[in-house]
Structure formats: C-alpha cells, structure tokens
Amino acid sequence: MSIFKLARANVRTLEPYQSARRIGGKGSILLNANEYPQQKLYMLRSSNINRYPDCQPKEMINRYAAYAAVQPNQVLACRGADEGIELMIRAFCEPGKDAILFCPPTYGMYSVSAETFGIEYRTVPMLDNWQLNINEIFAKLNGVKLIYICSPNNPTGNILNKHDTRKLLDMTYGKTLLVADEAYVDFYPTASITSWLKDYPHLVILRTLSKAFALAGLRCGFTIANVDVIQLLLKVITPYPLSLPVADIAEQALSDEGIRQTSKRIANIKANRDFLMHELAFCPCVRLVFPSVSNYLLVHFDPAYGVFKNLWNQGIILRDQSKQTGLADCIRITVGTSLECKSLIAALKALRC
Ligand SMILES: *Cc1c(COP(=O)(O)O)cnc(C)c1O
C-alpha cells in the first residue's frame, strides 16, 4: 500500500522550500542564509520548564513593541517570520476560493506556504528597476486576499518605493490585506511602515530576530498589525508556539544592552558590505553588483567562470538565484565577517574561465 497516495494532492506535488540547510554544502564559509556570522553566548535565566509557557510571553511582547514603536496588543510573537507568513494564510484564505499575490524575484516561502494549504498564488513580476508593477497588480486583484511584499527585498537588496506601497494600500482597502515582510528592516529602519498602521486596518508587518539580531537558530519572529488582525491570528496559532528558553533569550536580546549590541553588529555588517561592494568591482568574474541596504549582496556573474560550483567545492557556500524570475547567472552573497569577506574576494579573483 502506498502511503504517498493517501496524502493531499497538493502535498504530493509540493516542492518543499529549498532552505540553505536543506541544500547543504560543506564548508567553513557559509554565506548562503543571511545569518549573522558569529556566535554569542546566552545563559538561560529560568528553569521552570516543567510548566507550559505563556502563549504570548508578556515581557518579550512588551520589549518588542517598545523596539518597534507600536502597542503591545499590536504584536504577535511566532516561530520566525516564516510562521507569520503561514498564519496569515491559515486565518484569511479559503482553498478553491481565495488567492495570494506576490512579486518575483522575492522570498520563496510565500508560494510554498500557499501550496501547502492548497491556495492559488498569482505573481506579478517586478519592473526592471525592481519596483512594484502597480497597474498589473491592480488588474490581477480579483479574488486576492493577501498581497506579500518584501522591503528590503530578498534577494535583490533594494527597498520598495513607499509611494507605491501607499497606492497599494489605498487600492486594497476593505478587500485585501497587505503583508509587508520587513525581515531586513533593522538594517535600514527608515524603510519600515509600522507607523502607517493607524491609517490602514489591512496592513500587516512581519519581523524577525533571525537576521540583524543574530538569532536565526532561536526561531523567533513577530507579526505586527492592528488588534483585529492579531485577535484572528491568535485563534489559529498553536497553544504554545514559543518555548520558555526562546522567550528567555528573546527578552535578553531585546533588553537595552541587547539592542545596543545589535546596533553595533549592524554597523559592522555595513562596513563589511561596503568593503565587498568595492572589491567585487575588481573581480573579473563579476558583471554587476546590485546595491543593497541589507546584509547580503546580489551579484550578476559571467557564467563562464562557474562561480557557484567552484566556490562550493572550496567550501565557500553561496546562494544560487539563477532559477528566480529575471535573475539568470545571479548569486546572493551574505555579508560575513571581515575575514570571510577577504577570503571570498581572494577566491573570486583567483577564478579563471
Ligand atoms: C529570512 C527571511 C524570513 C524568515 O525568517 P525567520 O524569522 O527565520 O522565519 C522571512 N522573510 C524573508 C524575506 C527572509 O529573508
């Protein structure tokens, strides 16, 4: 008997998200998942793990709300921004009826989450300057419950024009929710649109501790929205999404001292990004480096050099983007330590075609 046959049809055909960990790669220089390159030691302050945790640990929510300059009742903590993406579909989309829409090239989980729940997804490719094609989105809005946008956008590194985002909010009022993925906004805070929540009941913002806060392994993210949205999400979230150790460490990372350390990390990453940007221009294999406000760079390479595979074999693991809409021969490179950046540049300069 085939168990496979018993699975839901959309799950049988589902291609799971190709995470950096799933793709694998052996090496000492991991620049493929936009993680922070160095560890920090945390101590657990509590040991009452015989008890269930609060669904929404209060102190952690209060601290994140203060950090994001919103009210605590506008914040929902979840297992990474990835769970935020999924909770929105669980709460708002009916299979066979509703659709989601997003604009490639962008983050890969929007389509995977939609497929998991049997929800149709529509795409409207970005314009050549990687801004939203507002007219085309408007033309495809019928039946769309959620629009996912990402700013700064992964993997292109640019921010979306706020004027366009506002147009999108005005055209979707009362029909469609706009989910703004701000996973990288800590690297470029003026791109955030959290201050718009008071004007737009259908605006939802996703945040994470995985990137600038250097806690990808913790699995902690936040959904920020008006109270009505948060209340609906609380209906569909699991009873105990965050373990006690997660809440404990997140609280420490969100203390005044924790936030100061995050600011220092961000400054360090920006300095290394500038170094990379400058040096990449002198590598013969590089055709174009796209400007980025984030902790990664998207680079267009000359395919004759076989950059991805050659560096993979040397233990320098990058993220191939060539299958994404409009990104043939492009690779995304996470900004690592200054030593990692130097090793990367040396390896690229040594490549011959
Ligand atoms: C990394 C990333 C996420 C997921 O973050 P987690 O909090 O680790 O689940 C979501 N959106 C974008 C654009 C990302 O790059």
Side-chain angles (χ1 to χ4, degrees), residues 16-23 30-37 60 64 67-68 75-90 100 102-114 116 121 126 130 132 146-160 165 178-188 191-193 204-224 233 237-238 241-243 246-247 249-250 253-254 262 266 269 292-298 318-321 324-325 327 331-335:
Y17 179 69
Q18 292 301 304
S19 67
R21 286 296 167 279
R22 240 186 207 162
I23 295 169
L30 303 176
L31 305 178
N32 58 343
N34 296 346
E35 297 149 332
Y36 189 71
M60 164 186 175
Y64 198 80
Y67 170 74
V75 177
L76 179 91
C78 47
R79 287 168 296 193
D82 281 343
E83 189 178 40
I85 293 169
E86 188 188 294
L87 286 173
M88 286 302 297
I89 293 179
R90 293 217 317 243
I100 71 157
F102 57 89
C103 303
T106 191
Y107 186 51
M109 274 303 288
Y110 313 135
S111 61
V112 173
S113 285
T116 306
Y121 67 85
M126 299 272 195
W130 286 332
L132 300 171
L146 305 173
I147 299 176
Y148 289 88
I149 61 171
C150 186
S151 180
N153 187 39
N154 176 5
T156 54
N158 63 297
I159 58 171
L160 298 177
T165 307
L178 183 73
V179 185
D181 188 336
E182 293 190 348
Y184 298 96
V185 86
D186 313 277
F187 295 102
Y188 199 82
S192 179
I193 54 172
V204 179
I205 292 157
L206 304 176
R207 297 283 195 90
T208 180
L209 298 186
S210 296
K211 309 286 163 52
F213 280 88
L215 290 170
L218 190 65
R219 310 308 304 132
C220 183
F222 299 91
T223 304
I224 305 176
L233 297 180
I237 201 167
T238 55
L242 302 153
S243 71
V246 168
I249 291 169
L254 292 165
T262 291
I266 291 172
I269 290 292
S292 166
V293 301
S294 200
N295 67 336
Y296 50 87
L297 288 171
L298 185 71
L318 310 177
R319 186 77 160 192
D320 184 20
Q321 297 290 337
Q324 280 246 39
T325 311
L327 299 190
I331 295 176
R332 192 193 67 196
I333 303 175
T334 304
V335 179

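Just so you know, ligand 1 is whichever comes first in the structure, and atom 1 is the first atom listed for that ligand. From a predicted model like this one, the values you see are computed outputs, not experimental measurements.
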Determine whether the aromatic ring centres of residues Y67 and F222 are separated by less than 6.0 angstrom. no
Could you tell me whether F102 and Y121 have their ring centroids closer than 6.0 angstrom? yes
Taking the side chain from S294 and the backbone from Y296, do they hold a donor-acceptor pair closer than 3.5 Å? no
Tell me the residues surrounding ligand 1, counting only those with a heavy atom closer than 4.0 angstrom, sorted by chain and number. G80, A81, D82, Y107, C150, N154, D181, A183, Y184, T208, S210, K211, R219
Worked check of side chain to side chain donor-acceptor pair (under 3.5 Å) between R319 and T334: CA-CA 8 Å; R319 186 77 160 192; T334 304; over 6 Å; no
Taking salt bridge (charged side-chain N to carboxylate O under 4.0 Å, His left out) as the definition, give me every residue that meets it alongside R79, ordered by chain and number, with sequence neighbours left out. E83
Which of these passes side-chain contact (heavy atoms from CB on, under 4.5 Å) with C150: T106, V179, T156? T106
